[in-house]
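Nothing fancy with the numbering, it's 1 onward along the sequence. First listed ligand is number 1; within each ligand, the first listed atom is number 1. What you see is a predicted model, and the numbers here were worked out from it, not measured in a lab.
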Amino acid sequence: MEKKVRVRFAPSPTGGLHLGGVRTALFNYLFAKQNNGTFILRVEDTDQTRFVAGAEEYITSCLEWCGISPDESPQLGGEYGPYRQSERKATYKQYADQLIASRHAYYAFDTPEELDAKRKEFPNFLYGQATRMQMRNSLTIDPSEVQELLANNTPYVVRIKVPEDEQVSFIDIIRGHVSFDTNLIDDKVLLKADGMPTYHLAVVADDYAMKITHIFRGEEWLPSAPVHILLWRYLGYADEMPHWVHLPLILRPDGNGKLSKRDGDRLGFPVYAQNWTDPKTGEVTKGFKEMGFMPEAFVNLLAMLGWNDGSDKEIFTMEELIRSFSIERISKAGAKFDFEKAKWYNHEWIKNAPSATLLPYVQAIYAEKGIELQPNADLSPVIELVKDRCSLLTDFITQSVYFFVSPKEYDLAAVKPKWNEEKATFFNAFKLVLNDELTAGELEEQFKALAQTHQLKPGELMLPFRIMLVGGKFGPGVFDIAKILGASETANRINNALEQFN
Ligand code: GLU
């Protein structure tokens with residue numbers, strides 16, 4: 001019988017959450033939901049030198065924003081907790097002891113100074129099969145002396161003893177057959193002097209203890225896989241080893257290398273899911289959320305970075321992704337990140353969203369910008385009218401603020417050269433036609449009929465009318481704007497503008 005699917009997203013709380021990390025979480029989630037499985041959030045905080053306060057809360061909030069909700073997590077708990085590795089500290093030593101007893105690991109007593117000296121002497125120094133017998137460890141020291149050192153609390157680390165001349169081979173579901181030569185792998189530290197496990201030991205111990213069935217993680221972890229596989233074997237759990245799924249990297253727009261936060265800063269787009277404030281420097285790094293992305297669009301565009309359903313379909317809801325996702329359709333090649341394309345997804349989502357969905361976002365953006373709306377201002381029809389002009393939620397401000405705040409400046413250069421007394425007379429007459437009962441279409445008919453009476457071409461009046469209402473050469477249909485503004489506000493704006501135009 002197939003085991004019940006259990007997958008985990010296992011971030012280290014070291015800072016902002018890169019979009020590649022969110023994609024890893026998403027693929028884990030999709031796979032779990034598709035298979036009625038369990039999606040676990042496990043916080044890998046064993047490296048206390050890299051721990052950053054607030055990062056765990058931040059990761060949780062990013063996942064929540066995206067609708068990627070764990071079934072088990074530090075906050076929710078679960079049958080296999082705790083879900084923070086620092087709280088599992090006591091559970092790891094037994095694995096290290098077991099590996100030492102079976103001679104697959106050893107104590108190393110080399111001091112940091114001794115290791116530094118070695119690295120100075122041999123710049124490519126690797127602690128491993130070629131060098132381990134020249135170092136201070138339980139392979140080179142007499143057993144009784146080892147016991148004495150341990151009894152005296154001499155600081156030590158535990159290292160894996162990587163075998164010589166072996167190929168560690170395994171199947172990665174995306175990459176197929178993968179093989180690593182053990183002669184190129186160093187004896188990684190498993191347990192540190194402070195008693196904390198390293199990532200390598202903790203990840204295997206916890207994936208085993210939490211009954212993980214599939215490991216979805218970024219390709220940058222592929223070189224660690226042989227060490228993990230050796231540990232699965234040496235601990236005697238090889239039969240229960242999860243399936244490996246190393247996801248393709250997300251590349252810079254030009255395809256040269258992995259996309260980093262620095263690339264985003266340089267090229268002016270976000271790389272993190274939400275704004276991240278570095279607690280030490282106070283530096284704020286912009287996130288997709290604050291840049292004006294809808295979470296549905298963000299999830300959609302992430303899914304398409306390295307995956308497709310085999311058709312041309314590009315717009316997917318979370319439910320559709322859960323139904324269509326398949327590991328087999330994840331590509332091996334890195335996926336180039338294109339911010340213009342990212343905005344295209346967001347634009348599609350915005351323009352197809354009902355105004356009721358967009359309303360809270362737009363209200364929040366107005367509030368954030370400190371633009372006060374009249375208490376009875378009705379944003380919904382405005383949103384409906386301008387949404388297909390917005391690629392980012394923040395675009396709603398420029399695309400709609402003129403409905404609520406009358407223009408302070410006019411694009412006079414566009415009006416003045418062709419302005420004359422006849423046009424002014426026309427607009428004064430047009431004010432009298434305005435009536436809240438008229439539809440936008442009827443307003444347009446009246447406008448055109450009146451133009452004819454005044455022997456003016458409607459085409460020459462439309463642009464000045466638009467500039468009167470919004471200040472510049474932008475916005476949706478001018479009669480739609482006038483309809484939403486209402487007769488009295490439209491008349492006021494005509495009056496204000498006429499003072500400037502004449
Ligand atoms: N803690 C690792 C990270 O920060 C997890 C890698 C894995 O999933 O094995 O990405």
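Heavy-atom contacts of Val203 reach the following atoms of ligand 1: 9 (O) (cutoff under 4.0 Å).
Looking from atom 8 (O) of ligand 1 to the surrounding protein, the closest heavy atom is Arg8 NH1, 2.8 Å. Summary of contacts: the protein heavy atom closest to atom 1 (N) of ligand 1 is Glu44 OE1, 2.6 Å. Atom 4 (O) of ligand 1 has as its closest protein heavy atom Ser12 OG, 3.2 Å. Ranking the protein heavy atoms by distance from atom 5 (C) of ligand 1 puts Ala10 O, 3.1 Å first.
Comment: Arg262 does not engage Asp265 in a salt bridge, judged by the lack of any side-chain N to carboxylate O separation of less than 4.0 angstrom. With salt bridges taken as basic N to acidic carboxylate O contacts below 4.0 Å, one links Glu314 and Lys341.
Taking the centre and axis of the six-membered ring of Phe325, the NZ or CZ atom of Arg323 falls outside the cone set by 45° and 6.0 Å. Figure legend: Arg8 and Phe39 shown without cation-pi pairing, the cationic atom not lying both under 6.0 angstrom from the six-membered ring centre and within 45 degrees of its axis. For Lys89 and Tyr92, the positive end is not near the middle of the six-membered ring at less than 6.0 Å and at most 45° from its axis.
Using a 4.0 Å heavy-atom cutoff, His228 is absent from the residues neighbouring ligand 1.
Compare Trp221, Tyr199, Phe216 by their heavy atoms: the one nearest to atom 9 (O) of ligand 1 is in Tyr199.
Going from atom CH2 of Trp221 over to atom OH of Tyr199 covers 4.5 Å, rounded to the nearest 0.5 Å.
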